[in-house]
Each structure stands twice: as C-alpha cells, then as structure tokens.
Student: 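There's a structure below that I have some questions on.
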Number of protein chains: 4
Amino acid sequence: MARERKNSVRQSIVETASRLFYKQGYTSTGINQIIAESGVVKSTLYTTFRSKEEILMAYLESEGAVSDKELKEATEKVNDPKEKVLAVFDYLVELVQQKEYYGCHFLNVVSEVTKEDEAIRTQIKKQKNNVRQLFRQLLQPIGKGDLTDEIYTLFEGALAGNKVHDDVFPVINAKKIAEKLLK
Amino acid sequence: MARERKNSVRQSIVETASRLFYKQGYTSTGINQIIAESGVVKSTLYTTFRSKEEILMAYLESEGAVSDKELKEATEKVNDPKEKVLAVFDYLVELVQQKEYYGCHFLNVVSEVTKEDEAIRTQIKKQKNNVRQLFRQLLQPIGKGDLTDEIYTLFEGALAGNKVHDDVFPVINAKKIAEKLLK
Amino acid sequence: MARERKNSVRQSIVETASRLFYKQGYTSTGINQIIAESGVVKSTLYTTFRSKEEILMAYLESEGAVSDKELKEATEKVNDPKEKVLAVFDYLVELVQQKEYYGCHFLNVVSEVTKEDEAIRTQIKKQKNNVRQLFRQLLQPIGKGDLTDEIYTLFEGALAGNKVHDDVFPVINAKKIAEKLLK
Amino acid sequence: MARERKNSVRQSIVETASRLFYKQGYTSTGINQIIAESGVVKSTLYTTFRSKEEILMAYLESEGAVSDKELKEATEKVNDPKEKVLAVFDYLVELVQQKEYYGCHFLNVVSEVTKEDEAIRTQIKKQKNNVRQLFRQLLQPIGKGDLTDEIYTLFEGALAGNKVHDDVFPVINAKKIAEKLLK
DNA sequence: AATGAATGAGCCTTCATTCAT
DNA sequence: GATGAATGAAGGCTCATTCAT
C-alpha cells in the first residue's frame, strides 16, 4: 500500500507536470503550480523527484513511450511496406489537428534547454532515434534503408513546420515528398 | 548625439538580449541579466522597451533581417537556377556548423511561447514566410513553383533535425532530397 | 499665448490629477498615469509643478473652491435661518448619492499623508475651517453660535459614515440630529 | 514548537505591518519595509500571507478585535445605562490624545482602497457595524434604540473631525450632542 | 522655456530547493 | 517516510525625479 501510494503520487506528479509542461512550456511551469494542481505536497514531490529536471525527464520518458506506441500502431494498420512508411505521415496529419496538440513534445523541450543539459538532450535524441529506427525497420525490407535519414528529416520538417504555422500544410508536403522518394 | 545615445542604448539592449535569448532561451534569460551585461540601467531599459516581450520582438526582427539577407546572398553566389535553391541548403550546412550556432532563432522561440502570444507567433510566421517566398521566387522561374512548400518543409526539417542531434546529417539529407526533387 | 499655453498645461494636469487622485487615491496614482492621461510631457509637468505633492496641493485648492462655492449656494437657496443650516445637510444627501462620488476629497487625502506633511494637512484644515466658519455665520445670527462645532462634527460624521458604508444613512441621521439641536 | 514558530512569524509580520500601516498608511508601506523591520524573510512572508492585501486584512481583524474589546470595557466601567453610552465618548477622548494615535484604523484604510477592494471594505464595514451594534445594545434597554445610528454618526464625526484637526474638540462636541440626545 | 532620455531605488511576487520535526 | 515551514535569489516592472540639450 505504501508502494501503491508512492506510485500514485509519482503518477499524479508526472501527469500534472506533463500537461503543464506541454501547454505552457517547461521553464514557464513552476513547481508550485505542479503541486497545486496535482495535490501533492511540496516536500513529498521532492522525495519522489530530486529536482524539477527529473520530472522533466519522467515527462519525456512517459511521452516517449506513448509516441513510440502510437507510431508503431499506425504502421501496423496497413500491410503494404511502402504504405507503412506513409502511414506515419498520415498519423501526423491526424495528430497535429487534434484540439490539444501543442507541437512535438521533444522539439518543444529541446529549445528550452541549453547544450549543457546533457541528460535531457540525450533523452530527446534517444527518442528521436527511436523514430529513425522505426523508419529503418520499415525501409530496409524493401531495400530502401539508405532513405532512412531522408524520411526522418521529412518527419522533423513536418512537425517543425506545423508548429510555426499552426497549419497542416508542412505535414501534407512531407508526405508528398515521401511518396516521391518511395516511388 | 541624443539620437546617437538613444540608438546605442536600444542597440546595446537588443544585442545583449539577442545573445542571451539565443544561448539560454527567452524564458531563462532575466531582465536583470540583460541589464547587468548591457550596462543599461533597468529604468532606462523600460523607457526604451515597454516589456520583456517587446525586446523579444526586437530580437526576432533583428535576426530576421540578418537571416533574410544571408539567405539572399547565399542564392546570389551561384547562377544556375536550380543551384540557387541548393545554395540555401549549402548555406545551412555552413551555418549549423558554426561555433556559436544554437539552432534556428525562430524555431527556438516558437517553442517558448504559447498560442496566446499572437504578436510573437505572427512575427515568427512572417519570418518563415519570407523563406517560403524566397523559395517561390527561385522555383517559379524554372517552372517548379508548386514545389515551394515541399522545399520549405525540407528547410525546417534540416533545422529541427540539426537542433535535436547537434549534427549536420539532417541538413545533408534535406539537401539530398532537394536535389532529387529538382531533377 | 505662452501664458495661455502654460495655463492650459497647468489646468490639464490638475484636472487629470484631480480625477485620478479622487478615484484611486493620491499614493496609488502615479506621475506616469497623470502625464499619460493629460497628454503633458513629463518634464513639462515638472516645470509647472515642483513635485507630485504640489499637484496634490493644487487639487486640494481647486476642490476646496468648488466645495466652498457649492455649500454657499446650497444655503442661499433657502431663506429661513435654521433652514440654511439644514440645507447644508440636504446638499450632502444629494452629493453623496452622485454617481461619481467617492467620498470627501479632504478626508480621503488626510488619511494618506502623515503628520509630517504639514503643508497638506494645513490646507485640509483650512478647508474644513471654512466649513466651520460657514456654520458659524449661519448660526450666530440666530443666537446659536455656540453650536458651531457641534454642527460641524455632524458634518464630518455624515461624510465619514457615508464613506464607510457607502450609504446615505449617516447623512440622514446627521441632519436629524441637527434638526433637534436647532429646535 | 513548530506551531509556536508559525505563530511567531505570523504575529511578527502582523505586528510590524500594523505599526507601519497605521503610522505611514497602507500604500506607503512596502513589503520590503515590513520584512526589514520584522526580520522575517520575504519568501517566508509570502508562505504565511498570499499577498500584501491579506496582511492588511489581518491588520484590520487584529485591530478590530482590540477596538471591540476596549469599547466594551469602557462601557463596563460604569453602571448607569445612559452613562455607558457616554463612556464610549469618554474613551475616545482618552484614545485620541494618546501619543501614538494616528486616527481611526478603519477610516484611515477606507480612504486608501477603491470601491473594487470589496473584501477590505466589507471587513471595515463589519467592524463599524460592531460599533453600531454596541450602541444598539446600550440604547435599546433604555428605550432609545432608534437613536442608534444617530449616536453612531456622532462617533464617526468625532473620529473624522479629530483626524483633520488633530484636536480633541470634535470628540468633546460629539459627546455634548450625545448628552443632549439622551436627555 | 521646453523636452526626450536617463536615473537609482523600490514595487509586489515567485522561483526551485532544503530543513527540522 | 512524510511534511509544514523556511530560505535566498531572482522574477518583471514602476516609482518620483533630474539632467543635458
């Protein structure tokens, strides 16, 4: 039961922090807001996480797992190898048009940390490498493994362009290019 | 001389703030640091700019002008129409490998402001539309105007990918794709 | 014309400051707000008035003149000697129910200055002594000069009570007492 | 002991703030002065009180309790019903001649807040209604309940008049009137 | 005489974190 | 192990006033 409570505390913190970090940004979100909205006492927060940055890490890990899972599921909905790659971009088209979409969790954070925040940058890199790995796994079977980083660059272009313009057009264009590359 | 002093104060603030906003992020940079490093007294800063956000706007405008100019110059170095487009990516290759490069000024900021900061978001969008416009002007003469947003999406992919990985590979790959699209 | 301009500047400052001092309080009203709303340049304000306190003094003098005049007029509307005294309270009944009434100008200010602000306190005292003098002039002819300060105390009670409760009842009760005293 | 410390911090803040608010006025007293003179660290002050206004509220409540108690005690010193009412004014005579008397706490504050500061105005009104209630309780037994608000208006006139003139005469005159009314 | 620019001190409030219990 | 209280530094911004021109 102590274990349960601890977990629920941890979960409550991460959930609240995730929502706030995503919507307001990491730096703009204060510890006080997290404790106020999670209901967790401040000192308990600091026995669960050593620092605000550790909460950020938990957020990145948590959202990373969700992202990995959803990308994987998107590719599994179709059977044709090429279509699997394009399914990723179809997923993005849906994703970026969701009501509570505020951009890519990882691109958002990477702009708020300096080059010195190695742990965070490494985690973000790791997450993005998962995406590259996914593309590699989809492309190698059809002999297009060398397109991996090109397709991945389109992926980032879709997300970054969408963030700036708050418009789906960069995602659409990324997909168009992907189709051409896979022809 | 009064005019001179005014300009030097304003300029001193913007230069200092630009350096700090770029290296540390907007939110992580405090007004106190700006005044300490610019040597401008706090109240003078606030007679020159109404708010920190106004300094951010000046920073975006200033860097936007530089960016516009450098992109234009990059395309003017070559003569072949297709090469002009690729020259943009060559410019990026050089840019992102500079010692004091910390990512795209505009993508960095866009992650730190909420959807409510309309003035800032509009300025960033405007800046990025300048880039789209540049691509359009280069592509239309060779009958490839409909590739504008695809090339632009590659541009963003190059910058965003580079930011995450601190590596030139996304820029290289963006250029590779551009070459294929222009063939 | 220079004279005219000077006067209009002075008038503009006093009018704006009066409105703001009255509605927001003296301390809560900043010089910047006065210049913003009066359209007078800051350095011009400081050539017209030596300090914020001097503007306060001008405000008290200006409102004092208005108050003297209105009280006098109120007493002149009736003929019966006793009624003249009561007419002051009838005037107050109307006054405190006006839309833009925020309490007695002078009682308001007296609470914002310390005992050290002698000039201001003296001006306020002088203004209130004008009221005492008015009552004396009305009461002596009917052989009730010794009631002067009692009636005056009712006057202050009406204003102070009204300020607290934002209700006319203290004015009404002050008048009731005055009627009894004059019987 | 934790409890003790909490109380001592809170108490220390309220005591210091009370002294300063009373002597200098609410607006003219800064948080920095409160922390300097109370010895409480700024962030601790803000864990004890959410805002400066909350300290003002504590001040009003604290002084309100003192005022209620002293008025009650004053009336209990005498036995004759009518004398109990007059004892209130005798109390005021002593009060306003004290060395550190700077006017009525509540009338002072009411002039520094706008009509929008409802919580503060309500507290002040509540305090003054306690006085009205006291008068009512003293007057009803002798069949003079309908004089309550007249006597109360005298009370305010005494305090307001004293504040302006820094002289006891308004209190003396208020008492004189009260005596006549009670005859 | 008039002004735009500049000033230092101060405003109220929040930051992420740690401590004693 | 959990917590309420405490911390020093910093947050962005405004104050009334004066200066050089």
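Sequence lines set the chain letters: A, B, ... in the order given, protein chains first and strands last, and positions in each chain run from 1. All values below were derived from every heavy atom in this structure, side-chain atoms included, with hydrogens, water molecules and symmetry-related copies excluded. Model, not experiment: these values are computed from the prediction.
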Student: Taking DNA chain E as the partner, which of residues 25-41 of chain C come within under 4.0 angstrom of it by heavy atom?
Tutor: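 Result for residues 25-41 of chain C: C/V41, sorted by number.
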Student: Using atom CG of C/L45 as one end and atom C1' of E/dA5 as the other, report the distance to the nearest whole Å.
Tutor: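 From C/L45 CG to E/dA5 C1': 16 Å.
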Student: For D/Q123 and D/Q127, test the side chains for any donor-to-acceptor distance below 3.5 angstrom and give the result as yes or no.
Tutor: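 Checked: D/Q123/D/Q127 side chains show no N/O donor-acceptor pair below 3.5 Å.
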Student: Sequence neighbours left out, what passes side chain to side chain contact (heavy atoms under 4.5 Å, CB included) with A/T122? Give chain and number order.
Tutor: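 Testing A/T122 for side chain to side chain contact (heavy atoms under 4.5 Å, CB included), a comparison that skips the adjacent residues, returns none.
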Student: Among residues 110-120 of chain D, which residues get a heavy atom nearer than 4.0 Å to DNA chain F?
Tutor: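 Heavy-atom contacts with DNA chain F come from no residue of residues 110-120 of chain D; none.
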Student: Atom CD of residue position A/E118 - does it have more than 12 heavy atoms of other residues, nucleotides or ligands inside 6.0 Å?
Tutor: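 Open: at most 12 neighbouring heavy atoms sit under 6.0 Å from CD of A/E118.
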Student: Less than 4.0 angstrom between a side-chain N/O of B/T44 and OP1 or OP2 of E/dT7, yes or no?
Tutor: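 Answer is yes, contact under 4.0 Å.
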Student: Does the F/dG1 base have a donor-acceptor partner in the side chain of A/T47 within less than 3.5 Å?
Tutor: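 No.
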Student: Could you list the residues that satisfy salt bridge (Lys or Arg N to Asp or Glu O under 4.0 Å) with A/E37, not counting sequence neighbours?
Tutor: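 By the salt bridge (Lys or Arg N to Asp or Glu O under 4.0 Å) rule, A/E37 matches A/R19.
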Student: Which parts of residues 49-62 of chain D get close to DNA chain E, meaning a heavy atom less than 4.0 angstrom away?
Tutor: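 Residues of residues 49-62 of chain D under 4.0 Å from DNA chain E: D/S51, D/K52.
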Student: For D/E100, enumerate each residue passing the side chain to side chain contact (heavy atoms under 4.5 Å, CB included) test, keeping only those at least two apart in sequence or located in another chain.
Tutor: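 Scan of D/E100 (side chain to side chain contact (heavy atoms under 4.5 Å, CB included), adjacent residues dropped) gives D/K23, D/Y102.
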Student: Using modelled atom types and a 3.5 Å cut-off, is there a donor and acceptor pairing between side-chain atoms of D/T47 and backbone atoms of D/T44?
Tutor: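 Side chain of D/T47 to backbone of D/T44: a pair is present.
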Student: Closest-nucleotide mapping onto DNA chain E: is D/S43 or C/S43 further toward the 5' terminus? I mean the 5' end.
Tutor: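 Going by which nucleotide is closer to the 5' end, it is C/S43.
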Student: Does F/dT17 have its OP1 or OP2 closer than 4.0 Å to a side-chain nitrogen or oxygen of C/Y46?
Tutor: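 So the side chain of C/Y46 is within the cut-off, an N or O lying under 4.0 Å from OP1 or OP2 of F/dT17.
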Student: Kindly indicate whether the side chain of D/R10, heavy atoms from C-beta on, has any atom under 4.5 Å from the side chain of D/F49.
Tutor: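 In contact.
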Student: D/D117: what forms a side-chain hydrogen bond (donor to acceptor under 3.5 Å, both in side chains) with it, not counting sequence neighbours?
Tutor: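 By the side-chain hydrogen bond (donor to acceptor under 3.5 Å, both in side chains) rule, D/D117 matches no residue at all.
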Student: Could I get the full list of ring pair (Phe, Tyr, Trp, His ring centres under 6.0 Å) partners for C/Y26, not counting sequence neighbours?
Tutor: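 If we apply the ring pair (Phe, Tyr, Trp, His ring centres under 6.0 Å) test to C/Y26, skipping adjacent residues, the hits are C/F21.
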Student: To the nearest angstrom, how far is D/L20 atom CG from E/dC11 atom P?
Tutor: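 Atom-to-atom, D/L20 to E/dC11, this comes out as 11 Å.
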Student: What stem regions, each of at least 3 consecutive Watson-Crick or G-U pairs below 3.5 Å, can be found for DNA chain E?
Tutor: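 If one scans DNA chain E for consecutive Watson-Crick or G-U pairs, the stems found are E:2-21 with F:2-21.
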Student: Roughly, in whole Å, what's the span from CD in D/Q24 to P in E/dC11?
Tutor: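 In whole Å, E/dC11 P lies 10 Å from D/Q24 CD.
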Student: Under the rule for side-chain hydrogen bond (donor to acceptor under 3.5 Å, both in side chains), what residues qualify as partners of B/S38, not counting sequence neighbours?
Tutor: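 side-chain hydrogen bond (donor to acceptor under 3.5 Å, both in side chains) list for B/S38, sorted by chain: empty.
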Student: Please state how far atom CD1 in B/I13 lies from atom C1' in E/dT7, giving the value in whole angstrom units.
Tutor: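 One finds 13 Å between C1' of E/dT7 and CD1 of B/I13, rounded.
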Student: Could you list the residues that satisfy side-chain hydrogen bond (donor to acceptor under 3.5 Å, both in side chains) with A/S18, not counting sequence neighbours?
Tutor: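 A/S18 satisfies side-chain hydrogen bond (donor to acceptor under 3.5 Å, both in side chains) with no residue once adjacent residues are dropped.
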Student: May I ask you to check whether B/T114 and B/E116 show a side-chain donor-acceptor distance below 3.5 Å?
Tutor: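 There is such a pair (donor and acceptor under 3.5 Å, judged by atom type) between the side chains of B/T114 and B/E116.
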Student: Among residues at least two apart in sequence or on other chains, which ones pass salt bridge (Lys or Arg N to Asp or Glu O under 4.0 Å) with B/E54?
Tutor: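 Checked B/E54 against salt bridge (Lys or Arg N to Asp or Glu O under 4.0 Å); matches are B/R50.
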